[in-house]
Protein chains: 2
Amino acid sequence: MAVGTPQVTAPLPPEPPERLAHSSESCRPASEILMRIGDKWSVLIVMMLSGGPLRFSELKRRIDGISQRMLTLTLRGLERDGLVTRTVTPTIPPRVDYELTALGVSLREPVNALGQWAFDNRPAMLAARAAYDGREA
Amino acid sequence: MAVGTPQVTAPLPPEPPERLAHSSESCRPASEILMRIGDKWSVLIVMMLSGGPLRFSELKRRIDGISQRMLTLTLRGLERDGLVTRTVTPTIPPRVDYELTALGVSLREPVNALGQWAFDNRPAMLAARAAYDGREA
DNA sequence: CGGCATCCCACGGGATACTG
DNA sequence: CAGTATCCCGTGGGATGCCG
């Protein structure tokens, strides 16, 4: 039965078969998380906090180009998701420190792996992009 | 003092090491890539193509909820960046197959690592989120 | 100093309709 | 079947200003 449906039965390339089923439902959590931290600033902030806690203004100074609005919003999001802690010292002027939680620290590992990939393969991507754009320009 | 080598290779102990070179400049490529593939569909598509080439309609059928507009656009982007190839068979009706390039295949590993992290830690994140939301409701 | 509030614009992305 | 074109709305995110 089923005429015309070629049923592509996965002739696996040189990759070893992983026990991870890449179904749509099993990859959705990964996709969600990626979208969550794939915003403009989250990863940068997590990486900045890798070396230890930083206060708001220091964080803002180190991440060039971020608006204090987005710094606040992004930190709130990270705090909400249990990736950073927010510690307020009610002095005058007030002092607020942000620090990675254990969860936040654990996130560094896969993110670093992706960062390494990005560092290694960015030239290839840029070249591919240039070639693609050049083909039709 | 300026950081000498933008190394992202950390030994990753549970404790934050003292000399991490996570400068803003060294992490920006990672952030860029993350934003690039951190969109709504890219990772899902890459994962779907892990098992081998798929044609457009099959891809659309497997990724539930995607519009053909976004499928086309996302595939174009992935093709542009050298992550997938697009092969047209000019029959009637036409047939177009998409397949991961070597670059696309190599991306699977770090993305899978992140996916594993997401799978493992999503409960913790959801719990933290619920706790955070409950504190001020 | 840290951080809401507001305005405002650009872009992502869904729905739909049309073409080769 | 695969793709393009159009419409349209929700959101992301910058700039600015005010308040503890």
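Any value given below was found using the heavy atoms of this structure, including those in side chains, with hydrogens, waters and symmetry copies removed. Lettering of chains follows the sequences in order, A, B, ..., and the numbering in each one begins at 1.
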field: Test side-chain contact (heavy atoms from CB on, under 4.5 Å) applied to B/D64 and A/R28, step by step
entry: CA-CA 10 Å; B/D64 193 57; A/R28 223 154 283 241; 4.2 Å; yes
field: side chain to side chain donor-acceptor pair (under 3.5 Å) partner of B/E58, the single match among B/K60, B/R62, B/R55
entry: B/R62
- line: Shortest non-hydrogen pair, B/D97 vs B/R95, comes out as OD2-NE, 2.7 Å
query: Which atom pair, heavy atoms only, marks the closest approach of B/L103 to B/D81?
result: CD2-O, 3.7 Å
- prompt: Mapping B/S67 and A/T72 to their closest nucleotides on DNA chain C, which lands nearer the 5' end?
  reply: A/T72
- request: Map A/M35 and B/P93 onto DNA chain C by nearest heavy atom, then report which one ends up closer to the 5' terminus.
  value: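 Counting from the 5' end, the first nearest nucleotide belongs to A/M35.
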For [X] and [N], what is the distance between atoms [atom1] and [atom2] respectively, to the nearest whole Å?
X	N	atom1	atom2	value
A/E58	C/dC1	CD	C1'	13 Å
B/M70	C/dT16	CE	P	17 Å
A/D97	C/dG2	CG	P	8 Å
B/L59	D/dC1	CG	C1'	14 Å
B/D39	D/dT11	CG	C1'	15 Å

query: Using the C1' atoms of five pairs at each end, what's the angle between the two axes of the helix from C/dG2-D/dC19 to C/dG20-D/dC1, to 10 degrees?
result: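 Inter-axis angle at the termini of the helix from C/dG2-D/dC19 to C/dG20-D/dC1: 40°.
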task: Give a yes/no on whether any side-chain N or O of A/K40 is located under 4.0 angstrom from OP1 or OP2 of D/dG14.
output: yes
- prompt: Closer than 4.0 Å, any side-chain N/O of A/R69 to the OP1 or OP2 of C/dC4?
  reply: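 For A/R69, the contact criterion (side-chain N or O under 4.0 Å from OP1 or OP2 of C/dC4) is not met.
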- prompt: Hey, are B/D120 and B/Q116 close enough side-chain-wise for a donor-acceptor pair under 3.5 Å?
  reply: yes
Taking [Y]'s backbone N and O only, do any of them form a donor-acceptor pair with [X]'s side chain (distance below 3.5 Å, no angle check)?
X	Y	value
B/T89	B/T91	no
A/D39	A/S42	yes
B/T101	B/G82	yes

- line: Winner on side-chain proximity to A/Q68, out of D/dC1, C/dG2, C/dG3, is C/dG3
- request: State plainly whether the residues B/R86 and B/E99 are in salt-bridge range, i.e. N to O under 4.0 Å.
  value: no
- request: Using heavy atoms and a sub-4.0 Å distance, could you list which residues of residues 73-92 of chain B are near DNA chain C? By number, please.
  value: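 Nucleic-acid contacts, sorted: none.
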